[in-house]
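Counting starts at 1 for both ligands and their atoms, in listed order.
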Amino acid sequence: MPLFSGTFPSKLPNAGTSIFAVMSKIAVEHNAVNLSQGFPDFPISPKLIARVNHYMKKGFNQYAPMPGVVELRKAIAEKVQDSYGVRYDFQDEITVTAGATQALYTAIATFVKDQDEVVIFEPAYDSYAPAVKANGGIVKFATLKLPGFHIDWNEVRKIISNRTRMIIINSPHNPTGSLLSADDLHHLDQLTRGTDIIVLSDEVYEHLIYDGFVHQSVCRFPELIERSLVVGSFGKTFHATGWKTGFVLGPANLTAAFRKLHQFIVFASNTPIQYAIAELLGNPENYTQLGEFYQQKRDYFVSQLRNSRFDIIPSFGTYFQLLAYNRISDAKEMAFATSLVHDHGVAAIPLSPFYSMETNEQMLRFCFAKKEETLKQATAILCRI
Ligand code: PMP
Ligand code: GLN
């Protein structure tokens, strides 16, 4: 017999199940080609697996230090310096997390208090707004503008008030594949300089950037660094999304505050994986070649759709390619995505769940982080629609 028969209060009464879980489940049930949730379908480095195995056999199976294994934090410091020319101190400016999701949640829970306002650009990755709301914050949405899903800084200027506690940015951007430019970061710097606003920069796709573009990390902007937390994920860098290992960079004062919550949210993340990743990060080829690797996949996917009725919305980074279907159907995105699985056997993610209000851009997000044969199979179907 239940001990409590009333209605359970929820901090997120309106939240449904994440669209990624929903679409992946439908894809499995219908045996569809799954280009919905973002994850690679090819094997990860055998060396990485061997090294995790090595550390497990050697007995590295107990709790890691709360901020992360020293070897990994040192390797992250090197990687960041190589990539962006700035040195974060491994002792008090780098924290290893159980994936980027935990890093983002912990950062939001650390700094956002009751009635604090947080600016989020939409379409937005689905975890930001619920994390703000669960911590009593108020989300102020700014809309990325078409074409190109760019930020309108005049709009942001109007949204910001003395209650603004945080601005969350994401580049390369999920779900659109758009990028922030150096100019965008300058605007952000000007807007937040001399304020108490913290910038939370989701850079999990930092190495998945195409067409010769350079990733405009917050780490390249010394003034911004002082009030920013930068989030990364090894799930993307090592094609191992299921390993849920990530990190946060931040100046010592922000990191100290972050760790106060981190220690009670997760304490530490997986030990043998941290040691193994530390070794592989030592070889920059493991991340400097990712852009080229995924660009080939994007190019293959797009080239195979040349004769389809889908329109390609340019993507310059991430695992994702938006396709517009307005020449095929005027259905709403969720209905079109569902029929794509049921009637044709291809799963994608509608764009609408990335918005707070009802939208219908008639676009779906497809994940091209797949083997060529998977992309071939999916595009052959898409070309027949
Ligand atoms: N941010 C963005 C933009 C993402 O796309 C993802 C996952 N794909 C995450 C954060 C979460 O990363 P992790 O799997 O390391 O928690
Ligand atoms: N980030 C992945 C995506 O955008 C999914 C992560 C998740 O399932 N929460 O598809």
When you check the side-chain N and O atoms of E206 and S83, is any donor under 3.5 Å from an acceptor?
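On atom types as modelled, these side chains do not qualify, holding no pair under 3.5 Å.
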Counting the benzene-type ring for Trp, do [X] and [Y] have ring centres under 6.0 Å apart?
{"X": "Y319", "Y": "Y294", "value": "yes"}
{"X": "H215", "Y": "H207", "value": "no"}
{"X": "F221", "Y": "H186", "value": "yes"}
{"X": "F354", "Y": "H173", "value": "no"}

Check this for me, if you would: do K74 and E78 make a salt bridge, where the nitrogen-to-carboxylate-oxygen distance has to be below 4.0 angstrom?
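The answer is no: the pair does not qualify as a salt bridge.
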Gap separating the CD1 atom of I169 from the CG atom of L188, nearest 0.5 angstrom
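Separation between the atoms: 5.5 Å.
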Non-hydrogen atoms closer than 4.0 Å to ligand 2: which protein residues do they belong to? List them by chain and number, please.
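Near ligand 2, by chain and number: F20, Q37, G38, Y125, N174, F320, R365.
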Are there any protein N or O atoms under 3.5 Å from the N or O atoms of ligand 1? List them with distances, or say none.
{"unit_1": "ligand 1", "atom_1": "1 (N)", "unit_2": "D202", "atom_2": "OD1", "d": "3.4"}
{"unit_1": "ligand 1", "atom_1": "1 (N)", "unit_2": "D202", "atom_2": "OD2", "d": "2.5"}
{"unit_1": "ligand 1", "atom_1": "5 (O)", "unit_2": "N174", "atom_2": "ND2", "d": "2.8"}
{"unit_1": "ligand 1", "atom_1": "5 (O)", "unit_2": "Y205", "atom_2": "OH", "d": "2.6"}
{"unit_1": "ligand 1", "atom_1": "8 (N)", "unit_2": "Y205", "atom_2": "OH", "d": "3.2"}
{"unit_1": "ligand 1", "atom_1": "8 (N)", "unit_2": "K236", "atom_2": "NZ", "d": "2.2"}
{"unit_1": "ligand 1", "atom_1": "14 (O)", "unit_2": "K244", "atom_2": "NZ", "d": "3.2"}
{"unit_1": "ligand 1", "atom_1": "15 (O)", "unit_2": "A100", "atom_2": "N", "d": "2.8"}
{"unit_1": "ligand 1", "atom_1": "15 (O)", "unit_2": "S233", "atom_2": "OG", "d": "2.7"}
{"unit_1": "ligand 1", "atom_1": "16 (O)", "unit_2": "A100", "atom_2": "N", "d": "3.1"}
{"unit_1": "ligand 1", "atom_1": "16 (O)", "unit_2": "T101", "atom_2": "N", "d": "2.9"}
{"unit_1": "ligand 1", "atom_1": "16 (O)", "unit_2": "T101", "atom_2": "OG1", "d": "2.6"}
{"unit_1": "ligand 1", "atom_1": "16 (O)", "unit_2": "K244", "atom_2": "NZ", "d": "2.7"}

With a distance cut-off below 6.0 Å to the six-membered ring centre and an angular limit of 45° from the axis, does K133 pair with Y128 as a cation-pi contact?
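K133 over Y128 ring: no.
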L254 and its side-chain contact (heavy atoms from CB on, under 4.5 Å) partner, picked from V248, L249, L229:
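Among the candidates, only L229 passes.
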